[in-house]
Amino acid sequence: MAQEVGVRSIADLKKFGSDLKMLSEQLSNAFSAAERKMHAVCDGWNDQNNLKFMQDFTQSSRNICKIAEQMAEYSKYITQSCDILEMYQHNRLK
């Protein structure tokens with residue numbers, strides 16, 4: 001089955017899924033922290049350029065968090081697929 005779906009290395013695929021999950025978490029954490037800091041620092045600063053930046057950054061942060069969620073979901077899919085492939089390989093080798 002592993003060859004049938006074009007997987008060369010289940011271990012490499014599993015590592016990619018793990019790395020994707022870690023990147024997703026790092027992105028979410030980094031942008032959430034940056035957004036909190038931005039609001040704390042810029043609270044009460046009514047400069048138009050700053051307000052525009054805050055709006056743009058907040059929107060971009062939301063988009064990045066959506067991408068991070070998609071990455072986390074795909075990571076789960078990869079893990080489940082690897083588990084199935086490993087079971088198949090294990091049973092096939094018996």
Side-chain angles (χ1 to χ4, degrees):
M1 181 175 177
Q3 294 295 2
E4 294 168 13
V5 293
V7 175
R8 293 184 189 160
S9 169
I10 296 171
D12 288 346
L13 185 58
K14 196 174 244 186
K15 174 78 169 102
F16 172 68
S18 176
D19 291 347
L20 199 59
K21 180 181 178 188
M22 189 181 325
L23 178 59
S24 168
E25 292 168 357
Q26 290 171 344
L27 277 171
S28 292
N29 292 338
F31 275 85
S32 293
E35 198 168 345
R36 282 191 305 274
K37 287 178 185 178
M38 177 185 65
H39 285 286
V41 169
C42 297
D43 189 37
W45 185 16
N46 292 322
D47 176 83
Q48 288 299 316
N49 287 332
N50 184 57
L51 292 174
K52 174 74 171 128
F53 173 79
M54 287 178 65
Q55 290 171 349
D56 291 346
F57 185 84
T58 299
Q59 183 59 46
S60 296
S61 182
R62 285 187 194 127
N63 291 337
I64 289 169
C65 285
K66 284 180 190 176
I67 291 169
E69 287 173 16
Q70 291 171 337
M71 291 166 55
E73 286 299 313
Y74 192 61
S75 172
K76 288 179 192 176
Y77 169 76
I78 289 171
T79 300
Q80 291 169 347
S81 296
C82 287
D83 291 345
I84 292 168
L85 290 168
E86 286 173 337
M87 273 194 318
Y88 175 79
Q89 269 188 341
H90 178 72
N91 289 331
R92 190 172 149 200
L93 296 174
K94 282 185 176 182

Within the 4.5 Å heavy-atom criterion, are K14 and E86 side-chain neighbours or not? yes
Is there a side-chain contact (heavy atoms from CB on, under 4.5 Å) between T79 and K21 once you walk through the steps? CA-CA 10 Å; T79 300; K21 180 181 178 188; over 6 Å; no
Ignoring hydrogens, what is the shortest heavy-atom contact between C65 and S28? Give both atom names and the distance. SG-CA, 4.5 Å
Set of residues satisfying ring-ring contact (aromatic ring centres under 6.0 Å, His included) with respect to F53, sequence neighbours excluded: F57
Value rounded to 0.5 Å, distance of OG in S81 from CG in L85: 6.5 Å
According to ring-ring contact (aromatic ring centres under 6.0 Å, His included), does anything in residues 7-29 pair up with another residue at least two apart or in another chain? List the pairs. none
Provide the closest heavy-atom pair for N49 versus D47 in the form atom of the first, atom of the second, distance. N-OD2, 3.0 Å
With rounding to the nearest 0.5 Å, note down the distance linking CG in D12 to SG in C82. 9.5 Å
If you compare all heavy atoms of E35 against all heavy atoms of S61, which two are closest, and at what distance to 0.1 Å? OE1-OG, 3.1 Å
ILVMFWY cluster, M22 and I78 together (side-chain gap under 4.5 Å): no
Hydrophobic clusters here meaning ILVMFWY residues chained together by side-chain heavy-atom distances under 4.5 Å, can you tell me if M87 and I10 are in one? no
Sequence neighbours left out, what passes side chain to side chain donor-acceptor pair (under 3.5 Å) with K37? Give chain and number order. none
Residues that K66 engages under salt bridge (Lys or Arg N to Asp or Glu O under 4.0 Å), provided they are two or more places apart: none
Test side-chain contact (heavy atoms from CB on, under 4.5 Å) on M71 and L27 and set out the steps. CA-CA 10 Å; M71 291 166 55; L27 277 171; 4.2 Å; yes
Closest non-hydrogen atoms of F31 and I64, given as atom of the first, atom of the second and distance, are CZ-CD1, 3.3 Å
D56 and K52 ion-paired at < 4.0 Å: yes
Who passes side chain to side chain donor-acceptor pair (under 3.5 Å) against Q70, sequence neighbours left out? none
Let me check something: do Y77 and I67 share a hydrophobic cluster, defined by ILVMFWY side-chain heavy atoms less than 4.5 Å apart, either directly or through other members? yes
Would you say S75's side chain and G17's backbone share a donor-acceptor pair under 3.5 angstrom? yes
Run the side-chain contact (heavy atoms from CB on, under 4.5 Å) test on T58 and M38 for me, step by step, so that the C-alpha distance in whole Å, both residues' side-chain angles and the decisive distance to 0.1 Å come before the verdict. CA-CA 10 Å; T58 299; M38 177 185 65; 3.8 Å; yes
Look up atom CD in Q55 and atom CG in N50, then write down how far apart they are to the nearest 0.5 Å. 10.0 Å
State which residues pass side chain to side chain donor-acceptor pair (under 3.5 Å) with N29; sequence neighbours excluded, sorted by chain then number. none
Straight-line distance of D19 CG to Q26 CD, nearest 0.5 Å: 9.5 Å
